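Below: the structure, in structure tokens.
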Amino acid sequence: MAISEINRAGSSSEPEKSPWNSNEMMTIAAARTLRDGMICFVGIGIPSTAAILAKATHAPNLFLIYESGTVNTNPQKLPLSIGDGELANHALSVVGMPEIFNYWLQPGRIDMGFLGAAQIDRFANINTTFIGESYESPKVRLPGAGGATEIAGACKDVIIIIKQTTRTFVPKIDFITSLGFGDGPGSREKNNLIGNGPKYVITDLGILEPDVSSKELVLTSLHPGVSVEQVLANTGWDLKVAKDLKESAAPTPAELERVRALVATSSRKKS
Amino acid sequence: MAISEINRAGSSSEPEKSPWNSNEMMTIAAARTLRDGMICFVGIGIPSTAAILAKATHAPNLFLIYESGTVNTNPQKLPLSIGDGELANHALSVVGMPEIFNYWLQPGRIDMGFLGAAQIDRFANINTTFIGESYESPKVRLPGAGGATEIAGACKDVIIIIKQTTRTFVPKIDFITSLGFGDGPGSREKNNLIGNGPKYVITDLGILEPDVSSKELVLTSLHPGVSVEQVLANTGWDLKVAKDLKESAAPTPAELERVRALVATSSRKKS
Amino acid sequence: MSKFVSLHEAISANVNDGDTVALEGFTHLIPMAAGHEIIRQRKRDLTAVRLTPDLIYDQLIGAGCVKKLIFSWGGNPGVGSLHRFRDAYQNGWPRKISIEEHTHAGLTNRYVAGASGMPFAVLRGYFGSDLMENTENIATIDSPFDEQKILAVAAINPDVTIIHAQQADRKGNVMAWGITGSSKEAVFAAKRVVVTVEEHVESFTPKFNSIIIPEALISHIAVVPRGAWPSYASGYYERDNDAYIAWDDIAKERESFSQWLEQEIYAKSSDALQGSGA
Amino acid sequence: MSKFVSLHEAISANVNDGDTVALEGFTHLIPMAAGHEIIRQRKRDLTAVRLTPDLIYDQLIGAGCVKKLIFSWGGNPGVGSLHRFRDAYQNGWPRKISIEEHTHAGLTNRYVAGASGMPFAVLRGYFGSDLMENTENIATIDSPFDEQKILAVAAINPDVTIIHAQQADRKGNVMAWGITGSSKEAVFAAKRVVVTVEEHVESFTPKFNSIIIPEALISHIAVVPRGAWPSYASGYYERDNDAYIAWDDIAKERESFSQWLEQEIYAKSSDALQGSGA
């Protein structure tokens, strides 16, 4: 605990200027976790960028499903909304949401699901519902669960993508929208969840993975130019660090070029 | 009881030769019960012929659904099988069977369902499962329920079409495949059924309807040329006869022409 | 048997104060014009159901039409918060609203149960989430066949479901294609159904990835070109992302919102705005 | 990653003795050739699931492949009885079979539950029928939200589901159009999926009223033109009603059936008969 206090006293300054920004690094790190042929349940933003990047590089047969009903879609531009025409127009088929949630997600057919969050705790439980003291009188009301609760429950594996700060990495989240590992081993089983839970938490600073036995998140990889101290200073609990801590490979020029080209297709940018 | 014994002793001879046969009369009587705009759940055989006849005559907007998934179909020929291409090719849409049974039939959306049977009792319970002493060792194994049990349960009204003999109109059916009125008033409610139950039993001899209070079938109409004695002789219980017993209107030449033209389209006939 | 009426008539004939209404359409085909007409007709005390209460319900809530919101994801997609929803929920302006919050899987299955005429549907959902303790109309049940715990969601049967679609044919059947979300189930679940369409055609050219809503399920249809704007109608127009962004500024303050309401809704007639059916 | 194999290989790789198999297709697109290949490979002790065990299961049962039949309507549609089924069930020839009998709504929902990864599905079915006392895998449960009694059917997850469809594309996605019955659910419910198709095309021309089975769900595909005969494949050939009628005579006696089995199935190779995939 003393150590964590010291750590937390460390500076939270930005990593020194690198030729990529933190969104790009997160996107590329997420893309690299995807293997060809996987069935991925994808959301808007970095998950879409990562999935499309992976499909354009090492995983051309990635099978992308969006909760809006697009099955095996192959968007050429970055979709701006979860029900973007781009997703429907490039899909093998478009089906109703009952089929997506009941036939695809619920039975554990999805290899990898993507989630974002406003808060995360050491067991990778996440909050996208509200910040504050009580559900009835929130300080900040967030959008809520959407597909997240069942994505967290039923996908074989889950990737959480989130910027790492002491506001997001907190000792206790204000509301569990989606269960990671609950309060440790056995929680998922007790809660009737069939998926394995979060496999990677990918942040702007590094990659965290659950410890095999304790299920607590451990820092396993630092992005280039980031120090352990920085990570610890941006984590609201005494984060464990892997003995064999790795450094994430820097984005390759090819990866960066692809990501930037993709992001440039987003008409959102024009505003 | 003495009366019924006498009745049953009456002749079971054929009605005197009429310019139509009993299938035609049943078909036409069934068609006449259909009102324009009704949503009908239709089976193969006389139900299809009756529904297509009604659509071609007084009820052009009859909305026909077949369990195979064809919604608002408008067959031009008599379908030979429940999943006939004729039904799919002339349908507004074709959907999966879960949608037919769960979204169309189960909520009580169907105005009129058609059923046939091998046996029927005085409360219009019907058997299409087996004839004999026991389920395990039937004397005659019949096809079973198919859609019938839930058609009988959920349609607002049901028409049963069946030839009337003492083998089909029995005091006790060997197996209740589909509930009519069970053992009388209240049975349907006790069995969680939302539909009103059988409204008409149309036979080759006449029309039977359930008594409003006792729910027991009553002979309400005789087909032309048929006597009450004939009907009673062909019923395995002491059938009640309505005080205001009517005679079914004879098939009109137009009706007969349509029915015969339809039946002639059936390629089944060529064999 | 004309089901084709003006938007004004479609709403006034089918939406009553106190009704449970579902305006569905997932990103695509959101019945925005119908929502505006509900505001214009000053309907009150609605229980408003929708997976994603984005702009359309922010507007209804801000205009004071809604007493309860049943939803599963409330935000301005890709932009941020729903300011009018937050102001109503947190500050009671213009009136206090209550919420009933689900997951997409859960609310979709509430429609499925409603469409099926069942009291409930079952799923493996909500488990592990604090929603379990905060949401009405869900319950845990035991499987009668094994040891599994299963989640049941109560059926929802809106008094009226409103959707937007691309086409209605001469007879009043409706075809929607592309992303349709949970619209089919919301329609089957409803007591009354209103559809606004881009176009009234003689007959359909069947489309891939389409759903057909038979006229037998529909109460009234209004022809409202661009009736989904600023969402989109595949084959007709694209999503107006700028309008979603612009909404953030309009909705942020009560004053700017009230001004928008006055100028864009109350000052305009539905017919002048969206054209009418015939 | 070639999913395209010969019919012989598709069956031998996916159907094992003792498996629960579902050959679906409702009147239309019945995978008859695949059924013949199962007979030819002398698979035994199958639990055979199918809403309508018509000719295809009469043949499998008569050939001794089946130990248990799970079904909801057993007849030769428009013709009469299934003589081989009756002979097996009532007389134990060539072996005794047991049955588990449902309604269409019930068995369809067993597939729905299986497709959904749930232990059961709920419906308002079977009520009032003597099936309630004679059928396994159904149970009455209480609604947690009101006083209603509801029927639950256990999920069915076949070891292998086999369907016939019109087309597979280059990548191994499958498109079926027209009446598809409960095929989609039977596919989603299965551990392995075999599809026989009329045609291997470069890419699909999307069809109205079609379902797409993504290649990710499919174990193997065999190209078997006329593989649904004597049922039909919309767009390819019509139902051979005479063959259904002729079956009545073939199946009536053990001798005529055995002769048919010898001549039409065992004496022919799957490749010679139906062509093979490549």
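Chain letters run A, B, ... following the sequence lines, proteins first, then strands; residues in each count from 1. Here the structure is a predicted model, which means the values were calculated and not measured.
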Any B:L105 side-chain heavy atom under 4.5 Å of D:R124 side chain: no
task: Would you check if there is a donor-acceptor pair between the side chains of D:E101 and B:Y135 at a distance under 3.5 Å?
output: yes
Using non-hydrogen atoms only, which part of [X] is less than 4.5 Å away from chain D: side chain, backbone, both, or neither?
{"X": "B:T70", "result": "side chain"}
{"X": "B:D84", "result": "backbone"}
{"X": "B:V95", "result": "neither"}
{"X": "B:I173", "result": "neither"}
{"X": "B:E136", "result": "both"}
{"X": "B:N192", "result": "both"}

Just so I understand: if I count every heavy-atom pair under 4.5 Å between each of [options] and chain D, which residue has the most?
{"options": "B:I82, B:I44, B:L87, B:L142", "value": "B:I82"}
{"options": "B:G45, B:A145, B:S137", "value": "B:A145"}
{"options": "B:L193, B:N125, B:V94", "value": "B:V94"}
{"options": "B:A88, B:G146, B:A154", "value": "B:G146"}
{"options": "B:E67, B:Q106, B:K190", "value": "B:Q106"}
{"options": "B:G182, B:P98, B:G147, B:G153", "value": "B:P98"}

Atom [atom1] of residue position [X] - does it have more than 12 heavy atoms of other residues, nucleotides or ligands inside 6.0 Å?
{"X": "B:R167", "atom1": "CZ", "result": "no"}
{"X": "B:K77", "atom1": "NZ", "result": "no"}
{"X": "B:K139", "atom1": "NZ", "result": "no"}
{"X": "D:E133", "atom1": "CD", "result": "yes"}
{"X": "D:E147", "atom1": "CD", "result": "no"}
{"X": "D:E253", "atom1": "CD", "result": "no"}
{"X": "B:R109", "atom1": "CZ", "result": "yes"}
{"X": "B:K172", "atom1": "NZ", "result": "no"}

message: B:F101 vs D:T103, test: side-chain contact (heavy atoms from CB on, under 4.5 Å). Steps then yes/no.
response: CA-CA 11 Å; B:F101 284 109; D:T103 66; over 6 Å; no
Which one wins on heavy-atom pair count under 4.5 Å against chain B: [options]?
{"options": "D:S210, D:G80, D:S81, D:S182", "value": "D:S182"}
{"options": "D:P53, D:G125, D:G75, D:S129", "value": "D:S129"}
{"options": "D:Y89, D:W177, D:F208", "value": "D:Y89"}
{"options": "D:E185, D:H28, D:E238, D:K184", "value": "D:E185"}

Measure [X] against the heavy atoms of chain B and call it side chain, backbone, both or neither at under 4.5 Å.
{"X": "D:N109", "result": "side chain"}
{"X": "D:Q90", "result": "side chain"}
{"X": "D:R86", "result": "side chain"}
{"X": "D:Y244", "result": "neither"}
{"X": "D:T108", "result": "side chain"}
{"X": "D:I211", "result": "neither"}

- request: Start with the C-alpha distance between D:I179 and B:Y66, add both sets of side-chain angles, then the distance that settles side-chain contact (heavy atoms from CB on, under 4.5 Å), and finish with yes or no.
  value: CA-CA 11 Å; D:I179 288 165; B:Y66 286 74; over 6 Å; no
field: Residues B:M97, D:L51; criterion side-chain contact (heavy atoms from CB on, under 4.5 Å); working and verdict
entry: CA-CA 11 Å; B:M97 287 175 80; D:L51 269 68; 3.4 Å; yes
message: Go through it in stages, so that I can follow the logic: the residues are B:E150 and D:Y126, the test is side chain to side chain donor-acceptor pair (under 3.5 Å), and I'd like the CA-CA distance, side-chain angles, deciding distance and then a yes or no.
response: CA-CA 7 Å; B:E150 287 82 12; D:Y126 300 82; 5.9 Å; no
- prompt: Would B:T177 and D:D130 count as a side-chain contact (heavy atoms from CB on, under 4.5 Å) if you check the C-alpha gap in whole Å, the side-chain angles of each, and the deciding distance to 0.1 Å?
  reply: CA-CA 6 Å; B:T177 309; D:D130 286 342; over 6 Å; no
Work out which heavy atom in [X] is nearest to a heavy atom in [Y]; give both atom names and the distance.
{"X": "B:N191", "Y": "D:F127", "answer": "O-CB, 3.0 Å"}
{"X": "D:T27", "Y": "B:G83", "answer": "OG1-N, 3.4 Å"}
{"X": "D:W73", "Y": "B:G144", "answer": "CD1-O, 3.9 Å"}

Donor-acceptor contact below 3.5 Å, side chain D:N209 vs main chain B:S93: no
